[in-house]
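Okay, structure first, notes after.
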Amino acid sequence: MCTDPNCDNQTEIGRRELLTSTVALAAGGALLSGKALAASDPDSSYSDPSEPALPPTDVEVGLSDTALVVTDPQVDFLSEDGVTWGVVGASVQEHNTVENIGRLFEAAKARGMTVAISPHYYYPSDHGWTFGGPLEKLMHKIGMFDRKGPLTLDGFDGSGADFMPQYKEYILDGETIVASPHKVYGPENNDLSLQLRKHGVSKVILAGMSANLCLQAHLYELLEQGYQVAVVRDATAAAKLPEGDGYLAALINFRYVANGLWTTDEAVEKIQAAS
């Protein structure tokens with residue numbers, strides 16, 4: 001046990017040095033170490049409050065007016081081979097995210113429900129951006145979601161920008177809406193909302209990566225666009241860093257603003273019972 005009054009400062013300096021070394025490794029193209037960076041939730045609990053103050057709300061699922069929307073179902077976020085696995089892998093495994101997203105795809109397709117994905121791609125021209133937030137800069141440094149160009153699939157198959165292999169049968173069936181890419185976090189600059197409106201959709205079941213980034217940004221924008229949105233809480237995950245647990249941060253906001261907050265079991269049940 002340290003008795004030095006400067007221990008707290010030394011600990012904080014150590015944490016900052018850890019993050020700095022993480023970025024340096026990432027910039028060099030190395031896989032990040034989950035053991036070194038993934039800060040676990042002290043009690044491994046994301047339980048809802050026993051006595052919530054906010055009134056309950058929900059979304060009634062209909063086959064004609066509801067869509068499953070999945071953000072970033074891609075290798076760089078969800079695979080051990082992805083460049084972010086070291087910081088998101090613990091959360092992905094904890095929530096069984098990969099399997100749960102697959103269950104949602106399967107359930108929605110079995111009922112003929114509209115399915116859309118909102119992917120994240122970066123092209124060479126995007127690396128010419130002159131400013132960005134911390135995570136934008138990190139994503140560019142580590143080559144996250146990189147493609148060789150908007151008009152070519154050269155090198156796409158099996159890359160970090162590619163879809164998870166187990167989802168391809170659902171995504172590439174000729175019926176799933178593959179929206180144009182979002183570039184930062186939200187869908188404001190892609191055609192997701194246009195596509196949903198053209199398919200008669202007014203309600204969204206939202207899942208995918210990452211909880212406090214793209215998924216949360218999609219939630220807010222879709223709400224502003226007038227959609228009812230239910231978030232599937234265990235079909236997402238987030239990074240755990242010294243700055244905080246992204247999943248916990250997102251979960252708090254989901255409770256505040258989402259029209260529904262479901263488990264995958266609940267979402268699948270609602271899809272199966274929809275008319």
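Both backbone and side-chain heavy atoms feed into the values below; hydrogens, waters and symmetry mates do not.
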Give a yes or no on whether the backbone of [Y] and the side-chain of [X] come within a donor-acceptor separation of less than 3.5 Å.
X      : Y      : value
Thr263 : Glu266 : yes
Asn100 : Asn96  : yes
Tyr247 : Arg233 : yes
Thr236 : Ala211 : yes

- [ ] Measure the acute angle between the ring planes of Tyr170 and Phe105, then classify it against the limits of 30° and 60° as parallel, tilted or perpendicular.
- [x]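 Parallel: the ring planes of Tyr170 and Phe105 meet at under 30°.
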
Open item on the list: Please tell me whether His95 and Tyr46 form a close aromatic pair, meaning their ring centres lie under 6.0 Å apart.
Closed with: yes

- [ ] Please list all pairs passing the salt bridge (charged side-chain N to carboxylate O under 4.0 Å, His left out) test where one or both residues lie in residues 192-220, with sequence neighbours left out.
- [x] Asp65-Lys203

Task: salt bridge (charged side-chain N to carboxylate O under 4.0 Å, His left out) pairs, two or more places apart, involving residues 206-219 - done: none

Task: Counterpart residues, ring-ring contact (aromatic ring centres under 6.0 Å, His included), relative to His127 (two or more places apart) - done: His140

- [ ] Report the C-alpha separation of Gln74 and Asp72 in whole Å, then their side-chain angles, then the decisive distance to 0.1 Å, and conclude whether the side chain to side chain contact (heavy atoms under 4.5 Å, CB included) test is met.
- [x] CA-CA 5 Å; Gln74 294 163 265; Asp72 300 353; 3.6 Å; yes

TODO: Go through the structure and list residues passing salt bridge (charged side-chain N to carboxylate O under 4.0 Å, His left out) with Asp162, not counting sequence neighbours.
DONE: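 Lys168.
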
Task: With Arg103 via salt bridge (charged side-chain N to carboxylate O under 4.0 Å, His left out) - residues at least two apart - done: Asp265

Task: Between Asn212 and Gln216, a side-chain donor and acceptor under 3.5 Å - done: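 Gln216 and Asn212 do not have a side-chain donor-acceptor pair below 3.5 Å.
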
Task: Lys NZ or Arg CZ of Lys183 over Tyr123 ring: under 6.0 Å, within 45° - done: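 Yes, Lys183 and Tyr123 form such a contact.
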
Below 3.5 Å, can you tabulate the donor-acceptor pairs from side chains in residues 52-64 to any protein atom, sequence neighbours excluded?
unit_1: Thr57; atom_1: OG1; unit_2: Asn259; atom_2: O; d: 2.8
unit_1: Asp58; atom_1: OD1; unit_2: Trp262; atom_2: NE1; d: 2.8
unit_1: Asp58; atom_1: OD2; unit_2: Lys270; atom_2: NZ; d: 3.2

